[in-house]
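Contents: one structure, followed by commentary.
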Amino acid sequence: MSTPVGPLDASVVPRFAGVRTFARLPLVDDVESVDVAVLGAPFDGGTTFRAGARFGPAAVRESSVLLRSFNPNIGIAPFEAAQVADAGDAFGNPVDIVAAHEAIRSSAAGLIATGAGVIGIGGDHSVSLPLVSAAAERHGPLGLVQLDAHTDTWDAYFGSKLTHGTMFRRAIESGVIDPDRSVQIGLRGSLYSGDDEAANHRLGFRTLTAREFDHDAAIEMVRRQATGSIYLTVDIDVLDPAFAPGTGTPEVGGLTTRELVALLVGIGEELGPRLVGADVVEVSPPYDPTGITALAGANVAYHLVSMLAANR
Ligand code: MN
Ligand code: MN
């Protein structure tokens, strides 16, 4: 392997200068081959409440300029261990969810076909459906580790089967996700009915609610349930609104950013090379003038990139 092309040198080009790519990394087209590709998916046509996650990828890139080369939580310099590059944005018709999802799936599949692992940046959570589908085309049915306030396994909303609250039921129906190897961590908030939790469990998921959350219990659940090849999805609303106010459907009583970082590190150690793809979604900048949500999103993406790079 040739020496990876890393981020712009901050001692030469200041962090606030230059055109924004994720972590000031090169674009995919500017390097020979890519181990880990960061792909934006600026689509929020699956949103059921407040929209705005279409601006997520740009805000995450803007917040990512402060990411430095060494990740002490994992003990790796991800941009030296692997060639990481920014693949730009996958976009399609912004008012046609089927066409938009196909554009995202196609972009991700193209990157995966070159041997790259893909880290997606949403976008509303519906973009995880084409992202995990592209990963499953390569690796077969995947277990899902989902960090989220919501199950996203409802059947329909206003009669629509494709939304950011229903896509994981679709992924189970199409055989992309194996619910018996899947876990959801951080669930909370009011529900439509008393049967919502039971219906989710009947699909096969193991769950750890935010109220029950405990780091060791979460890692133990991943160890027992999430076998085989795994896709990791981080809905930024797993964080408490105090840490991530800029999101489509905020719920009180969530994780702290510190808890989430520790959880990601633990999950990464547990999964190792079984992690085949990941995303961070639902960063909605219009609801967060402080930018802390996008900053959290950028750091989550950095950990996801580090996890994939560590196994290259
Ligand atoms: Mn959610
Ligand atoms: Mn979600």
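Quick note: residue numbers are just sequence positions, from 1. Both ligands and their constituent atoms are indexed starting at 1 by order of listing.
- Atom CZ of Arg312 sits in a crowded spot, with more than 12 heavy atoms from other residues, nucleotides or ligands closer than 6.0 Å.
- Separating the NE2 atom in His303 from the CG atom in Asn73 is a distance of 4.0 Å, to the nearest 0.5 Å.
- Both the sub-6.0 Å distance and the 45° axial angle are satisfied by Arg50 relative to the ring of Tyr287.
- Side-chain rings of Tyr231 and His139 stay apart, their centers remaining 6.0 Å or farther from each other.
- Within the protein, the N, O or S atoms sitting under 2.8 Å from the Mn ion (ligand 2) are His125 ND1, Asp148 OD2, Asp152 OD2, Asp235 OD2.
- A side-chain donor-acceptor contact under 3.5 Å links Thr256 to the backbone of Glu259.
- More than 12 heavy-atom neighbours from other residues, nucleotides or ligands sit within 6.0 angstrom of CD on Glu137.
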